[in-house]
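A note on names: the letters A, B, ... follow the listed sequences, proteins ahead of strands, and every chain is numbered from 1.
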Protein chains: 2
Amino acid sequence: MPTIREVAARAGVSPATVSRVMKGEVPVNAETRARVEAAISALGYAPNAFARSLASNRLGGVGLVISHLAGPFMGRVMMTLEATLRQANVSLLVASGGGEAEREQEAVDFLINRRCDGLIVHADALADETLSALAATTPLVVFNRRVAEIEAHCIYLDNECGGYLATRHLLEQGHRHIACLTGPLKQQDAAGRLAGYHRALGEWGIEADTRMIIEGDFVEGSGERGMTTLLARGLPVTAVVAGNDDMALGAMTLLRARGIAVPQTLSLVGYDNEACSRHVVPSLSTIHAPLEEMAQDAAERLLMLVAGDALPPAMSFTPTLIERETVAPPKV
Amino acid sequence: MPTIREVAARAGVSPATVSRVMKGEVPVNAETRARVEAAISALGYAPNAFARSLASNRLGGVGLVISHLAGPFMGRVMMTLEATLRQANVSLLVASGGGEAEREQEAVDFLINRRCDGLIVHADALADETLSALAATTPLVVFNRRVAEIEAHCIYLDNECGGYLATRHLLEQGHRHIACLTGPLKQQDAAGRLAGYHRALGEWGIEADTRMIIEGDFVEGSGERGMTTLLARGLPVTAVVAGNDDMALGAMTLLRARGIAVPQTLSLVGYDNEACSRHVVPSLSTIHAPLEEMAQDAAERLLMLVAGDALPPAMSFTPTLIERETVAPPKV
DNA sequence: GGCCATCATGAAACCGGTTTCATGATGACA
DNA sequence: TGTCATCATGAAACCGGTTTCATGATGGCC
């Protein structure tokens, strides 16, 4: 593995000049540059990443903190992040936190200790203040979450809009008794979706019935349990908005077991447009998020921050409704 | 950010001693150690990762090369890898190759240039020789693939066994005309599954009919197309072994469209036990791989290699059959 | 008491880049 | 022709650890 000094010796220049040629920003005499470049390719020189990092105090890589690596859409997000970052010759370090605040903080510390140039954080459990404090010390982008004080650092979906779209779709089909199986309401995404549900009902002049709103945890089982609770209450529900596709799937499992026909007796809308939702029978109507665009924006914003550039204004991403087979007009 | 020299000054020792206390392997006088430790915690000292890497020529991190980050089970694999590695205080760098040999090679080079201490490679497109050559220069573990020359470096599923289990299950139910929708046969996993199919048929004294074997590419659409082709051939097929769950799902979609009842008219077995397979209707019988155990073994083997230890003998992981609703005895 | 092995420790070299500062060359301008 | 700005380049300091080698202290043994 040749060093910069060997290259310099071969080209008959000093290491400093080789360094200047490598980064290409400072002007170097054309003929000197050619000699150096020849030496570089002759020796197959590649700069030592450690030495470079030590001297410049930059890693050339960013960290990704993620709550649930095995979550339904992390693959799509990571794929785009990785591709965008690698194009900029920036590497991606991954640490996971499993949705517990303490372990997420550990993950952050782990990456900070590695001297990452910046951080992309996709964490449920960390507090808003922790994140905005972090943003003050490190280039930071927050994924799938909005923290007001650092809005331009946040890449998030307009969940209120998504909840609204789902509910409005059911209203337009004629439903008037619409229940809502939410995610954990201390999480912003779940709360936003519920707010959209309320707004849609409000626009139709319908007062929300709290007995029709059941909090779950975004996991399948809670969809099943929530639906059980809902049925037990004996309300005249004709449609359900689920917190996400997993919960919708859980609900569908229960409904099938109880012999309740979807969508004939009960309509259902999910959220997230997971791969699976297209395959279940009947296929699940749901809300789609432009994850790839969001991930690309996240990577680009982080690169700007790392470069010291100012961020463009904050922007939320808009979800869209995917109509499939779980929604039909209510029976009269 | 305090340096080792500041700690040394405060503790009244030399930087060398602080360094020795930090790694804890060389004996240090108990009282000196206590003083140094006090200084470390008083200053909140954390060693600079760059300097450490430069001096010791080790990154303290390993690279993961992955063909398809968004693939159906990468989440589960990465989760376990990350957790196991982080326990050893080793960070994880990720690069993806998208299933093209050239880009996978680029990903490998990218990580090698970052001076990773080792590499976990989960790549379809790279050649066996490339991998065994790489193993000679870098601590290397190959995931989900067997390369004979570096067998102990490989973590793989016994796909032949999986194919056998799927086929035998159908045979035991009384099926005698079993088709096979395979993945791309140049890939080892697809070829292994097909070999298991052949072995099971052989044990039952049935000669395989090449018209019943259709090659696809592990993606849903190829399941649909394969099934179309199969039906068009008008063979007396009563059951199908699919290359993976995605292909099985594609086949189910087509069968539903054609009004062919699963499992009454046609039985179906998938492979991979994706989250989705439990939710489709009827739920998909499939083959389960112990991915978490495999990932943990991969991480542990890599850590051994990095530490310079010898590897334990190679071991393949055994898949299991998950019986659900897509298999029934053939109609008489 | 003298000699040698053992042990803890410090001084300094080293890893391989980047960056600052000094220098010599070149050319413009009066 | 003399002076000063400009430019390309080199020397050397620097980043912050690790590691080698030397040294001084301690103690066991004859």
Side-chain angles (χ1 to χ4, degrees), chain A residues 1-40 43-61 89 91 112-117 306-308, chain B residues 1-40 43-61 89 91 112-117 306-308:
Chain A
M1 211 108 287
T3 72
I4 200 173
R5 293 174 219 266
E6 297 174 47
V7 175
R10 179 168 182 130
V13 299
S14 76
T17 302
V18 178
S19 175
R20 290 190 261 258
V21 169
M22 286 299 294
K23 22 195 309 191
E25 308 199 338
V26 203
V28 174
N29 178 292
E31 192 251 342
T32 311
R33 152 167 283 121
R35 264 209 335 279
V36 171
E37 277 165 355
I40 286 174
L43 265 49
Y45 168 71
N48 180 310
F50 303 151
R52 175 177 286 203
S53 291
L54 177 59
S56 61
N57 202 33
R58 314 180 62 253
L59 173 62
N89 201 34
S91 55
I112 297 268
N113 263 343
R114 286 283 185 287
R115 305 286 204 280
C116 286
D117 297 333
V306 168
Chain B
M1 210 103 294
T3 73
I4 199 171
R5 293 173 222 267
E6 298 175 47
V7 175
R10 177 167 183 130
V13 299
S14 76
T17 301
V18 178
S19 174
R20 288 190 264 257
V21 169
M22 286 299 293
K23 23 196 305 188
E25 307 200 338
V26 204
V28 174
N29 178 292
E31 192 251 341
T32 312
R33 152 168 284 123
R35 266 208 333 281
V36 171
E37 277 166 356
I40 287 174
L43 266 50
Y45 169 70
N48 180 309
F50 304 151
R52 181 181 287 219
S53 291
L54 177 59
S56 61
N57 201 33
R58 315 178 63 253
L59 172 62
N89 201 32
S91 56
I112 296 270
N113 263 342
R114 286 282 186 287
R115 306 283 205 281
C116 286
D117 297 333
V306 168

Touch check for [X], heavy atoms < 4.0 angstrom, all strands: base, sugar-phosphate only, or nothing?
X	value
Ser19(B)	base
Val18(A)	nothing
Thr17(A)	sugar-phosphate

[atom1]/[X] to [atom2]/[Y] distance, rounded to the nearest 0.5 angstrom?
X	Y	atom1	atom2	result
Arg58(A)	Cys116(A)	CZ	SG	12.0 Å
Ser53(B)	Asp117(B)	OG	CG	7.5 Å
Leu43(B)	Ile4(B)	CG	CD1	12.0 Å

Q) So which heavy atom on Tyr45(A) is nearest to which on Thr3(A), and how close? A) CE1-C, 3.7 Å
Q.
Ignoring hydrogens, what is the shortest heavy-atom contact between Ala46(A) and Arg115(B)? Give both atom names and the distance.
A.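 Heavy atoms of Ala46(A) and Arg115(B) come nearest at O-NH2, 4.1 Å.
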Q. Would you find a donor on one side and an acceptor on the other, under 3.5 Å apart, between the side chain of Arg114(A) and the backbone of Leu59(A)?
A. no
Q) Quick one: on DNA chain C, does Gly12(B) or Arg115(B) contact a more 5' nucleotide (nearest heavy atom)? A) Gly12(B)
Q. 5'-most contact on DNA chain C: Ser14(B) or Asn48(A), nearest heavy atom basis?
A.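 The residue whose closest nucleotide sits nearer the 5' end is Ser14(B).
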Would you tabulate the side-chain donor-acceptor contacts of residues 22-33 of chain B under 3.5 Å, counting partners in other chains and residues two or more places apart, or write 'none'?
{"residue": "Asn29(B)", "atom": "OD1", "partner": "Glu31(B)", "partner atom": "N", "Å": "2.7"}
{"residue": "Asn29(B)", "atom": "OD1", "partner": "Thr32(B)", "partner atom": "N", "Å": "3.3"}
{"residue": "Glu31(B)", "atom": "OE2", "partner": "Arg35(B)", "partner atom": "NH1", "Å": "3.3"}

Q: Have a look at Pro15(B) and tell me which of Arg5(B), Glu6(B), Arg20(B) forms a side-chain contact (heavy atoms from CB on, under 4.5 Å) with it.
A: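 With Pro15(B) as partner, side-chain contact (heavy atoms from CB on, under 4.5 Å) holds for just one option, Arg5(B).
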Q) Does anything in residues 25-32 of chain B reach DNA chain C, meaning a heavy atom under 4.0 Å, and if so which residues? A)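 Per residue number, the list reads Pro27(B), Val28(B), Asn29(B), Thr32(B).
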Q: Check every nucleotide of DNA chain D for an atom under 4.0 Å from a heavy-atom of chain B, then give the first and the last such nucleotide from 5' to 3'.
A: dG16(D) to dT20(D)
